[in-house]
Amino acid sequence: MSASFAPTILAALFTRLQALYPAVQVVYGDPGTNVENDVISIGTVQSSVQPVNLSPNRPREEQLNIDVLFSCFTGGGPEAQFPSTQRAYTYLAALETYLQVTSPILDTPGVRYVWVSSHQMDPGDSLVGVDAMGRLVSLTATITVHARL
């Protein structure tokens with residue numbers, strides 16, 4: 001019996017993101033100093049477990065909420081905001097389609113369903129000097145996973 005599906009789901013998600021976005025840097029957490037214009041990062045993972053029923057094997061239902069951050073930078077002035085935003089939402093749409101159509105359980109036994117449950121967009125980075133170089137858009141999607149432990 002597993003304590004959590006998190007390690008299995010994170011490995012599957014990382015592999016799928018790399019395949020889905022072959023020209024984009026995909027990382028766990030902070031990409032460090034080697035940063036491309038577009039970066040997809042797997043971030044915070046939250047888990048909650050609920051009992052399903054009382055039985056000898058005591059099955060439980062785990063819900064994972066995994067944040068995936070799409071960071072898109074376009075050089076230039078204020079006009080760079082739109083292409084950065086469009087790319088971030090294009091990446092999100094591709095992930096949503098993949099999870100709805102191609103692999104709704106990430107090909108992982110025990111996983112009942114996976115979907116993009118919410119997203120939040122930060123329209124621009126407030127770091128000093130970034131405005132003069134271009135626009136960095138951060139779109140965080142929360143992927144919700146339900147699995148039977």
Side-chain angles (χ1 to χ4, degrees), residues 1-50 60-149:
M1 182 182 318
S2 175
S4 175
F5 262 92
T8 302
I9 291 298
L10 289 171
L13 182 60
F14 185 76
T15 300
R16 297 321 183 283
L17 290 172
Q18 287 181 313
L20 194 57
Y21 310 105
V24 179
Q25 183 180 9
V26 177
V27 298
Y28 280 113
D30 188 337
T33 57
N34 182 20
V35 179
E36 304 296 326
N37 282 345
D38 293 353
V39 177
I40 299 172
S41 176
I42 298 174
T44 303
V45 178
Q46 295 178 338
S47 171
S48 62
V49 178
Q50 299 294 322
R60 299 167 293 144
E61 184 82 12
E62 180 176 32
Q63 177 177 314
L64 296 169
N65 291 313
I66 304 168
D67 287 343
V68 175
L69 176 65
F70 301 93
S71 298
C72 298
F73 176 80
T74 302
E79 72 284 354
Q81 182 72 39
F82 184 73
S84 294
T85 301
Q86 286 300 105
R87 267 198 332 280
Y89 275 101
T90 299
Y91 292 146
L92 175 62
L95 179 58
E96 284 183 307
T97 299
Y98 179 81
L99 293 175
Q100 289 175 0
V101 177
T102 307
S103 184
I105 61 168
L106 290 174
D107 301 321
T108 305
V111 172
R112 296 161 35 89
Y113 42 91
V114 180
W115 74 97
V116 176
S117 57
S118 66
H119 71 273
Q120 177 178 339
M121 201 254 312
D122 178 2
D125 198 300
S126 60
L127 295 174
V128 174
V130 169
D131 283 348
M133 297 184 310
R135 294 295 187 270
L136 176 63
V137 170
S138 298
L139 179 83
T140 303
T142 299
I143 297 173
T144 298
V145 178
H146 278 232
R148 181 68 53 96
L149 291 173

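Values reported hereafter were calculated over all heavy atoms of this structure, with side chains retained and with hydrogens, waters and symmetry mates removed. One is the number of the first residue; the rest follow in order along the sequence.
For the atom pair Tyr91 OH and Ser71 OG, the distance stands at 10.5 Å (nearest 0.5 Å).
Here the side chains of Ile9 and Ile66 are in contact, with some heavy-atom distance below 4.5 Å. Side-chain contact between Glu62 and Val49 is present, with at least one heavy-atom pair separated by less than 4.5 Å. For the pair Tyr113 and Pro104, the minimum side-chain heavy-atom distance is 4.5 Å or more. With contacts defined as side-chain heavy-atom distances shorter than 4.5 Å, the pair Arg16/Thr102 does not qualify. Contact of the Glu61 side chain with the Arg148 side chain is registered, since non-hydrogen atoms from C-beta on lie closer than 4.5 Å. Looking only at side-chain heavy atoms (C-beta outward), Val145 and Ile105 stay at 4.5 Å or farther from each other. For the pair Leu17 and Leu95, the minimum side-chain heavy-atom distance is below 4.5 Å. Taking the side chain as every heavy atom from C-beta outward, Leu13 and Val68 approach each other to under 4.5 Å.
Remark: Gln46 CD is loosely packed, at most 12 non-hydrogen atoms of other residues, nucleotides or ligands lying under 6.0 Å away. Atom CD of Glu79 has more than 12 heavy atoms from other residues, nucleotides or ligands within 6.0 Å.
Under the 3.5 Å distance criterion, the side-chain polar atoms of Glu36 are left unmatched by any main-chain donor or acceptor of Gln25. Between the side chain of Ser41 and the backbone N or O of Gly29, at least one donor-acceptor pair lies under 3.5 Å.
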Leu64/Ser4 under side chain to side chain contact (heavy atoms under 4.5 Å, CB included): CA gap, chis, key distance, verdict: CA-CA 9 Å; Leu64 296 169; Ser4 175; 4.2 Å; yes
Residues Leu106, Tyr98; criterion side chain to side chain contact (heavy atoms under 4.5 Å, CB included); working and verdict: CA-CA 9 Å; Leu106 290 174; Tyr98 179 81; 4.2 Å; yes
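Test Arg87, Gln81, Arg135 against Thr74 for side chain to side chain donor-acceptor pair (under 3.5 Å) and you get one pass: Arg87. Residue Val45 forms a side chain to side chain contact (heavy atoms under 4.5 Å, CB included) with just one option from Ile143, Asn65, Leu10, and that option is Leu10. Looking at Val137, Val24, Val26 one by one, the single match for side chain to side chain contact (heavy atoms under 4.5 Å, CB included) with Asp38 turns out to be Val24.
Contact detail for Ala141 and Val116: the closest heavy-atom pair is CB-CG1, 4.1 Å. In plain terms, the two heavy atoms of Phe73 and Ser84 that are nearest each other are C-OG, 3.7 Å. Ser138 and Leu69 get closest at one heavy-atom pair: CB-CD1, 3.8 Å.
Aromatic ring pairs are classed by plane angle as parallel below 30°, tilted from 30° to 60° and perpendicular above 60°; the pair Tyr21 and Phe70 is perpendicular.
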